[in-house]
Amino acid sequence: MTLSVAMITVDTLEPITLANWWATNLGGTIVAENDGFFVVVALRDGGPAIGFQKVDDPTPGKNRIHLDLASPDYPAIVDTLVANGATKLGDREIPGGGFGWTTLTDPAGNEFCVSGGH
């Protein structure tokens, strides 16, 4: 049996607003709106889609799963994300150095990380 990641789904109070934010910042396109209940963003690189599902009560607290994003423009891209509405939580580094990343939240408070690559 073979599995592949088809979509990563985020629970949110405002699917269209959050989908637009991610589409803008990832260079993606909204490909389905489903009456605002479930909005799908297709990524330009053909990676898994990101879905935004309307829920009345998103799970509180820290995400158990989050997106790890990479950019050759790291760390400058972090400034762009913050200017576009993300909140920077902090810079991190593997103990002993050698690999660093920045943890942020999107406008709805979902954590994600950005690095220069893996």
Side-chain angles (χ1 to χ4, degrees):
M1 177 165 76
T2 302
L3 292 173
S4 61
V5 177
M7 184 179 311
I8 299 163
T9 302
V10 177
D11 291 344
T12 180
L13 296 171
E14 298 182 27
I16 292 173
T17 301
L18 199 56
N20 277 314
W21 190 86
W22 279 102
T24 297
N25 286 286
L26 292 175
T29 304
I30 292 178
V31 295
E33 287 194 26
N34 302 297
D35 295 323
F37 175 77
F38 195 87
V39 182
V40 179
V41 174
L43 303 178
R44 67 173 171 242
D45 65 3
I50 302 177
F52 298 89
Q53 176 174 270
K54 183 171 182 58
V55 296
D56 293 329
D57 188 21
T59 304
K62 186 180 182 313
N63 304 34
R64 293 189 66 179
I65 297 174
H66 65 263
L67 297 177
D68 283 332
L69 308 174
S71 172
D73 298 322
Y74 176 79
I77 193 71
V78 170
D79 295 332
T80 300
L81 290 164
V82 169
N84 289 343
T87 300
K88 182 177 175 180
L89 298 181
D91 295 315
R92 317 279 191 237
E93 187 174 293
I94 289 180
F99 183 79
W101 67 96
T102 302
T103 303
L104 303 107
T105 63
D106 68 16
N110 300 299
E111 287 188 21
F112 65 99
C113 296
V114 178
S115 72
H118 297 207

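- To the nearest 0.5 Å, the span separating OG on Ser115 from CD1 on Ile77 amounts to 12.0 Å.
- Judged as a ring pair (Phe, Tyr, Trp, His ring centres under 6.0 Å), and not counting sequence neighbours, the contacts of Trp101 are Phe99.
- Nearest heavy-atom pair across Phe112 and Thr105 is CE2-C, 3.5 Å.
- Heavy atoms of other residues, nucleotides or ligands lying less than 6.0 angstrom from CD1 of Ile65 number 12 at most.
- The same ILVMFWY cluster, assembled from side-chain heavy atoms under 4.5 Å apart, contains both Val5 and Leu43.
- The minimum heavy-atom distance linking Asn63 with Gly109 is given by the pair OD1-O, 4.3 Å.
- Between Tyr74 and Val114 the shortest heavy-atom distance is CE1-O, 3.2 Å.
- No side-chain heavy atom of Met7 sits less than 4.5 Å from a side-chain heavy atom of Pro48.
- To the nearest 0.5 angstrom, Thr9 atom OG1 is 9.0 Å from Phe52 atom CZ.
- Under the rule for a side-chain contact (heavy atoms from CB on, under 4.5 Å), the partners of Pro58 that lie at least two apart in sequence or sit in another chain are Leu13, Val55.
- Across Gly116 and Ala70, no two heavy atoms sit closer than the pair C-CB, 4.5 Å.
- Of the possible polar contacts, none joining the Asn34 side chain to the Gly36 backbone as a donor-acceptor pair under 3.5 Å is found.
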Validation: residues 24-33 side-chain donor-acceptor distances under 3.5 Å, sequence neighbours left out:
unit_1: Thr24; atom_1: OG1; unit_2: Asn20; atom_2: O; d: 2.9
unit_1: Asn25; atom_1: OD1; unit_2: Asn84; atom_2: ND2; d: 2.8
unit_1: Asn25; atom_1: ND2; unit_2: Trp21; atom_2: O; d: 2.9

Next item on the list: For side chain to side chain contact (heavy atoms under 4.5 Å, CB included), just list the numbers for Glu111 and Leu89, CA-CA rounded to whole Å, side-chain angles, deciding distance to a tenth of an Å, and then say yes or no.
Entry: CA-CA 9 Å; Glu111 287 188 21; Leu89 298 181; 3.8 Å; yes
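- Distance CD/Gln53 to CZ/Phe37: 5.0 Å, rounded to 0.5 Å.
- The CD1 atom of Ile16 sits 9.0 Å away from the CG atom of Asp35 when rounded to the nearest 0.5 Å.
- Proximity of His66 to Cys113: side-chain heavy atoms (C-beta onward) are separated by under 4.5 Å at one or more points.
- Going from atom CH2 of Trp22 over to atom OG1 of Thr12 covers 12.0 Å, rounded to the nearest 0.5 Å.
- At least one side-chain heavy atom of Asp106 sits less than 4.5 Å from a side-chain heavy atom of Leu18.
- Taking all atoms of both residues into account, the shortest heavy-atom contact from Pro107 to Gly85 is CG-O, 3.8 Å.
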Practice item. Evaluate side chain to side chain contact (heavy atoms under 4.5 Å, CB included) for Arg92 paired with Thr103, printing each intermediate quantity in order. Key: CA-CA 7 Å; Arg92 317 279 191 237; Thr103 303; 3.5 Å; yes
Checklist entry - Where do Val82 and Leu104 land on the side chain to side chain contact (heavy atoms under 4.5 Å, CB included) test, with the steps shown first? => result CA-CA 8 Å; Val82 169; Leu104 303 107; 3.9 Å; yes
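- Within a 6.0 Å sphere centred on CG of Asp45, heavy atoms belonging to other residues, nucleotides or ligands number more than 12.
- The structure places CG of Leu67 at 5.0 Å from CD1 of Ile50, a figure rounded to the nearest 0.5 Å.
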